[in-house]
Amino acid sequence: MHSALIEMIAAGQTDVGRVRSRNEDSFHLDPARGLAVICDGMGGHAGGDIASRTAVEVVAAVIASQDRADGARTPSAAEEERAAADAASVVRSAVVAANRRINALNRQRGFPEGRGMGTTLVGLWRVPGTGRVVVFHAGDSRLYRLRGGELRPLTRDHSLYQLWLDNGRRGQAPHRNIIVRALGTGEQVEPDIAVHDLQPDDLYLLCSDGLTGIVPEGVIQRILTQQPPPAGEDVCARLIDLANGAGGPDNITLILARFVLLPA
């Protein structure tokens with residue numbers, strides 16, 4: 001599709017849930033840039049809310065500083081490949097910068113390596129001037145794509161539970177919320193980054209585990225495939241209500257982003 005005719009329509013909401021006393025989740029949404037980011041902070045009094053807020057701010061700022069696209073013409077296939085590679089490099093730099101900032105805050109507060117505040121991260125960014133999107137994450141916050149009525153995860157949890165599944169479920173199952181990759185708790189972090197082609201009416205769901213740990217994927221898919229297509233804010237509120245109705249043990253944050261083809 002002509003890259004200049006793609007528009008992102010998006011909505012996001014966050015909720016403290018029914019159990020936690022404060023919300024350590026943060027999100028950033030910039031439809032004009034095709035950028036959406038969610039971070040789920042960890043650390044409680046050590047500053048999980050500060051870690052998540054710092055991460056979304058740094059990632060958004062780095063990407064905004066590099067988002068220079070000419071949408072006046074359709075790029076060639078080779079130009080799209082180069083643009084996608086460049087965008088993936090920008091994303092990696094943004095995540096590394098966010099990790100460095102949070103890790104420095106931990107060191108300033110006297111926390112040893114591996115301790116203090118941290119945060120998961122999941123995001124997408126439309127590759128400037130193209131019909132592609134970069135998906136990136138670290139931790140167990142997730143991104144799903146709804147296409148043709150099928151809800152498909154585009155991220156894989158960085159958790160001990162997922163490693164247990166990958167290794168054939170040997171031994172006792174670990175707790176689902178033990179994260180093996182996150183921003184801030186170490187000097188280095190390597191996000192998973194992938195580039196996907198956009199199709200008209202793709203719907204992307206980004207969320208913290210306050211949603212997916214409580215509401216089954218089948219229920220989420222049923223809500224997202226209802227006709228007419230989800231409007232955004234009302235669907236976000238409905239999913240949050242479902243998580244809270246099931247006990248709301250964690251903060252709940254989600255973004256719904258649809259990419260649509262505008263009239264020529």
[X] [atom1] to [Y] [atom2] distance, which is reported to the nearest 0.5 Å:
{"X": "Ile179", "Y": "Asp140", "atom1": "CD1", "atom2": "CG", "value": "3.0 Å"}
{"X": "Asn23", "Y": "Ile252", "atom1": "CG", "atom2": "CD1", "value": "9.0 Å"}
{"X": "Arg238", "Y": "Ile240", "atom1": "CZ", "atom2": "CD1", "value": "13.5 Å"}
{"X": "His137", "Y": "Cys39", "atom1": "NE2", "atom2": "SG", "value": "12.5 Å"}
{"X": "Leu239", "Y": "Asp234", "atom1": "CG", "atom2": "CG", "value": "10.0 Å"}
{"X": "Leu121", "Y": "Ser208", "atom1": "CG", "atom2": "OG", "value": "12.5 Å"}

Between Arg142 and Asp209, is the salt bridge (charged side-chain N to carboxylate O under 4.0 Å, His left out) condition met? List the steps. CA-CA 7 Å; Arg142 296 181 182 177; Asp209 68 337; over 6 Å; no
Where the side chain of [X] meets the backbone of [Y], is there a donor-acceptor pair that is under 3.5 Å apart?
{"X": "Arg181", "Y": "Glu190", "value": "yes"}
{"X": "His158", "Y": "Ala182", "value": "no"}
{"X": "Arg258", "Y": "Asp201", "value": "yes"}
{"X": "Ser93", "Y": "Ser89", "value": "yes"}
{"X": "Asn251", "Y": "Glu24", "value": "yes"}
{"X": "Arg126", "Y": "Thr130", "value": "yes"}

Quick one, [X] and [Y] - any side-chain contact, counting heavy atoms below 4.5 Å?
{"X": "Val90", "Y": "Trp125", "answer": "yes"}
{"X": "Ile63", "Y": "Asp30", "answer": "no"}
{"X": "Leu256", "Y": "Cys236", "answer": "yes"}
{"X": "Met117", "Y": "Ile50", "answer": "yes"}
{"X": "Ile38", "Y": "Ile255", "answer": "yes"}
{"X": "Thr225", "Y": "Leu146", "answer": "yes"}
{"X": "Leu29", "Y": "Met8", "answer": "yes"}
{"X": "Thr253", "Y": "Asp40", "answer": "no"}

Is there a path of hydrophobic side-chain contacts, each under 4.5 Å between heavy atoms of I, L, V, M, F, W or Y residues, that connects [X] with [Y]?
{"X": "Val16", "Y": "Val56", "answer": "no"}
{"X": "Val37", "Y": "Val96", "answer": "no"}
{"X": "Leu242", "Y": "Val19", "answer": "no"}

Between Asp25 and Thr14, do the side chains contain an N or O donor and an N or O acceptor separated by less than 3.5 Å? no
If you take all heavy atoms of [X] and [Y], which pair is closest and at what distance?
{"X": "Thr119", "Y": "Ala55", "result": "CG2-CB, 3.8 Å"}
{"X": "Gly118", "Y": "Thr185", "result": "CA-CG2, 4.1 Å"}
{"X": "Val59", "Y": "Ala98", "result": "CG2-CB, 4.0 Å"}
{"X": "Ile193", "Y": "Ala88", "result": "CD1-O, 3.7 Å"}
{"X": "Pro128", "Y": "Ala83", "result": "O-CB, 4.4 Å"}
{"X": "Val134", "Y": "Ala87", "result": "CG2-CB, 3.8 Å"}

Go through the steps for Arg132 and Glu81 under the test salt bridge (charged side-chain N to carboxylate O under 4.0 Å, His left out), then give the verdict. CA-CA 10 Å; Arg132 298 186 180 184; Glu81 288 293 337; 3.0 Å; yes
Using the side-chain contact (heavy atoms from CB on, under 4.5 Å) rule, take Ile220 and Leu211 through it: C-alpha gap first, then chi angles, then the decisive distance, then the call. CA-CA 9 Å; Ile220 295 172; Leu211 176 68; 4.1 Å; yes
Residue Arg152 excluded, over 12 heavy atoms near CZ under 6.0 Å: no
Counting only heavy atoms not in Arg101, do more than 12 sit closer than 6.0 Å to its CZ atom?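 No - once you tally the heavy atoms of other residues, nucleotides and ligands closer than 6.0 Å, there are 12 at most.
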Please report the C-alpha distance between Val127 and Glu80 in whole Å, then the side-chain angles of each, then the deciding distance to 0.1 Å, and finally whether the side-chain contact (heavy atoms from CB on, under 4.5 Å) criterion is met. CA-CA 8 Å; Val127 179; Glu80 279 216 357; over 6 Å; no
CA sep, side-chain torsions, deciding dist, call: Arg145, Glu150, salt bridge (charged side-chain N to carboxylate O under 4.0 Å, His left out): CA-CA 8 Å; Arg145 182 183 65 203; Glu150 178 186 1; over 6 Å; no
Start with the C-alpha distance between Asp192 and Thr155, add both sets of side-chain angles, then the distance that settles side-chain contact (heavy atoms from CB on, under 4.5 Å), and finish with yes or no. CA-CA 8 Å; Asp192 283 353; Thr155 58; over 6 Å; no
Test side-chain contact (heavy atoms from CB on, under 4.5 Å) on His28 and Glu57; report intermediate values, then the result. CA-CA 8 Å; His28 176 86; Glu57 288 174 353; over 6 Å; no
Any pair with a residue in residues 177-217 that passes ring-ring contact (aromatic ring centres under 6.0 Å, His included), sequence neighbours left out, goes on the list, sorted by first then second residue, please. Tyr204-Phe259
